[in-house]
*Asks:* 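Before we start, here is the structure in question, set down as structure tokens.
The chains referred to below are lettered A, B, ... by the order of the sequence lines, with proteins before strands, and numbering in each begins at 1.
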Amino acid sequence: MEHKKEDFSEWYNEVVESAGLVDKRYPVKGMHIWRPYGWKIMHNIDTYFREIFTDYSHEEVNFPLLVPETEFKKEAEHIRGFEDEVFWVTHGGLDELDIKLLLRPTSETAMYPMFSLWIRSHADLPLKIFQIVNVFRYETKQTRTFIRMREVHFFEAHTAHRTYEEAEKQIKEDIEIWKKIAKKLALPYKIVKKAEWDKFPGAIYSLGVETIMPSGRTLQIATFHQYGQNFSKPYDIKYLKEDGEHEYVHQTTFGMSERLLGAIVGIHGDDRGLIIPPEIAPIQVVIVPIVTKKKKEVLEESKKIRDELKKSGIKVHLDDRDNYTPGYKFYDWELRGVPLRLELGPRDMEKGQVVLVRRDSREKISVSREEYIGKIKTVLSDIQDNLYNRAKEKMEQKIVNVESLDEINNVEGVAAVPWCGSEECGHEIEDRTERKIIGSPIEEGDVKKCVICGKETGKVAFVAKPY
RNA sequence: GGGGCCGUGGGGUAGCUUGGUCCAUCCUUCCGGCUUUGGGAGCCGGAAACCCCGGUUCAAAUCCGGGCGGCCCCA
């Protein structure tokens with residue numbers, strides 16, 4: 001295993017494959033195979049999405065992958081934002097298509113023609129739907145597992161509302177949902193408002209959820225967009241108000257992707273491999289029996305333990321492979337990031353105990369057979385909290401307040417600098433630091449002087465190198 | 001967008017500069033067998049590779065051209 005600190009990029013590339021998440025050998029750039037273990041983790045994340053969005057009155061749908069060129073071209077800014085990175089389907093068999101089809105880079109242009117048919121009156125609103133599908137973008141830059149792909153496992157929620165204020169409320173609700181997701185995935189984050197020139201193509205404004213990877217680069221792991229009526233007008237999505245007048249709806253979206261898994265890998269992993277937060281781990285406890293001459297007894301006891309744990313709702317796996325030694329298994333499961341290991345050997349059998357080993361701290365805990373289930377539950381929840389807290393602490397250290405341009409390049413992470421908010425000053429900050437403004441915190445702080453023009457401002461720019 | 005590096009069994013590599021010593025090295029993996037098991041066990045036997053197309057040459061993993069693919073750094 002590469003050393004994470006010395007060469008994060010190499011470490012990351014190696015661990016995603018060796019831990020059994022993906023197989024990168026598929027012969028198309030930016031597309032990989034999800035292997036069973038990786039797919040299970042992603043699936044667990046998706047399952048949680050389904051759960052929580054359903055709790056917040058969203059319904060799951062599934063739209064076609066192909067979008068006709070004619071629908072795609074209805075919103076001018078949206079086209080400009082995506083046209084250079086869409087995959088086109090130009091032929092059916094040997095015949096050229098009259099109307100070309102594109103692979104969705106995101107689903108606005110697939111969904112909104114249907115919204116126009118679905119929404120008739122105020123009673124149809126709000127409309128809240130989501131889907132979990134793959135989207136395609138023709139990335140020309142270098143691709144990276146989970147982080148920059150040409151085929152992306154994508155979550156998108158779309159809502160339509162009567163008024164701008166109702167759409168604003170939706171975004172507040174989205175942030176509430178996000179906070180729960182962040183806890184579930186143990187991911188620390190900052191929410192920022194995107195600069196005017198960096199918002200989603202077609203949006204009035206965009207909020208980004210940013211986290212910081214160990215390399216110091218920032219990673220956008222979720223977005224919320226306020227569309228206002230920018231899409232409802234070209235797509236003719238109108239509703240009949242109580243007073244009999246027609247009005248265009250106000251729309252929002254909430255997007256996330258497999259980047260979340262990239263963040264989990266990068267932020268929690270170590271030189272031994274992955275560390276999967278217990279809440280989304282396919283295997284929360286792995287039992288490694290130490291079988292010697294007392295083979296039978298230890299194995300039988302292990303099975304009993306497995307069944308007990310399963311009954312109490314813990315995701316457990318018994319590693320009864322007899323062609324590997326315990327040492328090999330320890331390394332193997334650590335690589336895969338199983339949060340808790342349970343060892344049972346002849347010595348433990350005599351004492352009526354089991355040994356627990358935490359993946360996050362490697363702490364060994366001996367616990368009696370009477371108390372072990374309760375203890376496991378406590379420890380799993382403690383690991384979840386510990387992962388979140390220590391990641392949060394590390395991330396906060398990477399955000400540094402600075403008040404001059406020169407200081408920015410000494411920051412390994414995010415430099416928070418006073419900025420008047422103008423596009424001219426913004427671009428100058430980016431050009432002179434060779435970094436990007438990834439956005440600004442929503443709440444303004446103390447009044448300081450813009451690092452470029454010196455104007456007084458409470459606004460801050462987060463300046464960093466994004467992925 | 002610019003620059004650099006690279007492509008050899010399933011994975012990681014040696015060989016390439018200076019063509020022949022290569023029916024290709026080592027580690028790992030996989031298969032069969034015996035023996036083992038509290039932090040990557042051992043022995044025996046076996047399987048498995050020069051990215052593609054073209055060129056130079058008596059001779060190409062090695063040199064040249066093109067293609068495809070991958071990686072890294074910078075903007």
*Asks:* Side-chain donor-acceptor contacts of residues 412-423 of chain A below 3.5 Å, not counting sequence neighbours, with atom names and distances?
*Replies:*
from	atom 1	to	atom 2	distance (Å)
W419(A)	NE1	S422(A)	O	3.1
S422(A)	OG	C425(A)	N	3.1
E423(A)	OE2	H427(A)	NE2	3.2

*Asks:* Whole-Å distance between U28(B) P and L335(A) CG?
*Replies:*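 One finds 18 Å between P of U28(B) and CG of L335(A), rounded.
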
*Asks:* Among F254(A), Y112(A), Y235(A), exactly one meets ring-ring contact (aromatic ring centres under 6.0 Å, His included) together with H158(A). Which residue is that?
*Replies:*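 Of all the options given, the one that passes is Y112(A).
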
*Asks:* For a quick check of understanding: with a heavy-atom distance under 4.0 Å over all strands, which category does R347(A) fall into, base, sugar-phosphate or nothing?
*Replies:*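 Base: the residue R347(A), judged by heavy atoms under 4.0 Å, touches a nucleobase.
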
*Asks:* Between C43(B) and C53(B), how far apart are the two C1' atoms, rounded to whole Å?
*Replies:*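 One C1' to the other, the span is 47 Å.
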
*Asks:* Report the nucleotide, chosen from G38(B), C30(B), C71(B), that has the shortest atom-to-atom distance to any side-chain atom of P326(A).
*Replies:*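 From the listed options, G38(B) comes nearest.
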
*Asks:* Go through the side-chain N and O atoms of Q384(A) and S381(A) and say whether any donor and acceptor fall under 3.5 Å apart.
*Replies:*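 No, S381(A) and Q384(A) have no side-chain donor paired with an acceptor closer than 3.5 Å.
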
*Asks:* Among all residues two or more places apart in sequence or in another chain, which pass the ring-ring contact (aromatic ring centres under 6.0 Å, His included) test with Y467(A)?
*Replies:*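 Not a single residue meets the ring-ring contact (aromatic ring centres under 6.0 Å, His included) criterion with Y467(A).
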
*Asks:* Rounded to whole angstrom, note down the C1' distance from C16(B) over to U25(B).
*Replies:*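 Their C1' atoms lie roughly 14 Å apart.
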
*Asks:* Do any side-chain nitrogens or oxygens of T325(A) fall under 4.0 Å of OP1 or OP2 in G40(B)?
*Replies:*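 Answer no for this pair, as no side-chain N or O of T325(A) is under 4.0 Å from OP1 or OP2.
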
*Asks:* Taking the minimum atom-to-atom distance to the side chain of R341(A), which one of G39(B), U37(B), G38(B) wins?
*Replies:*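 Nearest to the side-chain atoms of R341(A), counting from C-beta on, is G39(B).
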
*Asks:* Using the C1' atoms only, state how far U62(B) lies from G15(B), rounded to an integer number of Å.
*Replies:*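 Each nucleotide's C1' atom is 9 Å from the other's.
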
*Asks:* Given the structure, check if the side chain of R25(A) and the base of G69(B) hold any donor-acceptor pair shorter than 3.5 Å.
*Replies:*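 No such pair is found, so the answer is no.
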
*Asks:* The side chain of Y324(A) lies closest to which of these nucleotides: U37(B), C30(B), G39(B)?
*Replies:*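 Nearest to the side chain of Y324(A) among the choices is C30(B).
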
*Asks:* For A47(B) versus G10(B), give the span between their P atoms, rounded off to a whole number of Å.
*Replies:*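 The same atom, P, in both gives a distance of 15 Å.
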
*Asks:* Looking at every strand, decide which applies to V355(A) at a 4.0 Å heavy-atom threshold: base, sugar-phosphate, or nothing.
*Replies:*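 If one applies the 4.0 Å heavy-atom cut-off, V355(A) turns out to touch a base.
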
*Asks:* Rounded to whole angstrom units, what separation is found between the CD atom of E10(A) and the C1' atom of C5(B)?
*Replies:*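 Taking atom C1' of C5(B) as the reference, CD of E10(A) is at 12 Å.
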
*Asks:* When the distance from CE of M31(A) to P of G69(B) is rounded to whole Å, what number comes out?
*Replies:*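 M31(A) atom CE is separated from G69(B) atom P by 12 Å.
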
*Asks:* Would you indicate which nucleotide in G40(B), G39(B), C71(B) comes nearest to any side-chain atom of Y328(A)?
*Replies:*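 Comparing G40(B), G39(B), C71(B) against the side chain of Y328(A), the answer is G40(B).
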
*Asks:* Side chain of I290(A): nearest nucleotide among G39(B), G10(B), G38(B)?
*Replies:*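 From the listed options, G38(B) comes nearest.
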
*Asks:* Taking only the C1' atom of each, what is the distance from U18(B) to C63(B) in whole angstrom?
*Replies:*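 Per the computed distance, 11 Å lies between those C1' atoms.
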
*Asks:* Take atom CD of E14(A) and atom P of C71(B), then tell me their distance rounded to the nearest Å.
*Replies:*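 Going from CD in E14(A) over to P in C71(B) covers 14 Å.
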
*Asks:* Can you see whether F462(A) has K190(A) sitting over its ring - NZ or CZ less than 6.0 Å from the centre and within 45° of the normal?
*Replies:*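 Negative - K190(A) is either too far from the ring of F462(A) or too far off its axis.
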
*Asks:* NA contact type, D348(A), heavy-atom cut-off 4.0 Å: base, sugar-phosphate, or nothing?
*Replies:*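 Base contact.
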
*Asks:* Counting heavy atoms from C-beta on, name the nucleotide in U37(B), C71(B), G38(B) closest to the side chain of N13(A).
*Replies:*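 Closest of the options to the side chain of N13(A): C71(B).
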
*Asks:* Please tell me which of G327(A) and S9(A) maps to the more 5' nucleotide of RNA chain B, matching each residue to the nucleotide holding its nearest heavy atom.
*Replies:*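 In this pair, the answer is G327(A).
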
*Asks:* Between G9(B) and C51(B), how far apart are the two C1' atoms, rounded to whole Å?
*Replies:*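 G9(B) and C51(B) have their C1' atoms separated by 14 Å.
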
*Asks:* Using a 4.0 Å heavy-atom cut-off, does E334(A) contact any base of the nucleic acid, only the sugar-phosphate backbone, or nothing at all?
*Replies:*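 Counting heavy atoms under 4.0 Å across all strands, the contact made by E334(A) includes a base.
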
*Asks:* Do you know which of K315(A), K184(A), K183(A) makes salt bridge (charged side-chain N to carboxylate O under 4.0 Å, His left out) with E279(A)?
*Replies:*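 Per the salt bridge (charged side-chain N to carboxylate O under 4.0 Å, His left out) rule, the option paired with E279(A) is K184(A), out of K315(A), K184(A), K183(A).
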
*Asks:* Can you tell me, in whole Å, how much space there is between the C1' of A60(B) and that of C22(B)?
*Replies:*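 Between the two C1' atoms, the distance is 12 Å.
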
*Asks:* With no angle test and no hydrogens, is the base of G40(B) tied to the side chain of D332(A) by a donor-acceptor pair under 3.5 Å?
*Replies:*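 In this structure, the two groups form no donor-acceptor pair.
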
*Asks:* Judged by atom type as modelled, is there a donor-acceptor pair below 3.5 Å linking the side chain of R359(A) to the main-chain atoms of P277(A)?
*Replies:*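 No: the side chain of R359(A) does not pair with the backbone of P277(A).
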
*Asks:* Counting only Watson-Crick pairs (N1-N3 plus N6-O4 or O6-N4) and G-U wobbles (N1-O2, O6-N3), all under 3.5 Å, who is the partner of U56(B)?
*Replies:*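 Because no pair has both required distances under 3.5 Å, U56(B) counts as unpaired.
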
*Asks:* Using a heavy-atom cut-off of under 4.0 Å over every strand shown, decide if K24(A) touches base, sugar-phosphate, or nothing.
*Replies:*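 Answer is nothing: K24(A) stays at 4.0 Å or more from every strand.
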
*Asks:* Scan R144(A) against the nucleic acid and name what it touches under 4.0 Å (heavy atoms): base, sugar-phosphate only, or nothing.
*Replies:*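 Sugar-phosphate contact only.
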
*Asks:* Name the closest nucleotide to the K29(A) side chain, picking from G70(B), C71(B), U37(B).
*Replies:*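 Comparing G70(B), C71(B), U37(B) against the side chain of K29(A), the answer is G70(B).
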
*Asks:* Flag as yes if Y331(A) stacks onto the base of G40(B) (centroids under 5.5 Å, planes under 30°), otherwise no.
*Replies:*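 Per 5.5 Å and 30° rule: yes, stacked.
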
*Asks:* Rounded to the nearest Å, what distance is computed from the OH atom of residue Y12(A) to the P atom of nucleotide C71(B)?
*Replies:*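 Rounded to whole Å, this separation is 12 Å.
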
*Asks:* Considering only atom C1', compute the distance from G19(B) to C5(B) and round it to an integer number of Å.
*Replies:*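 Straight-line distance between the two C1' atoms is 24 Å.
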
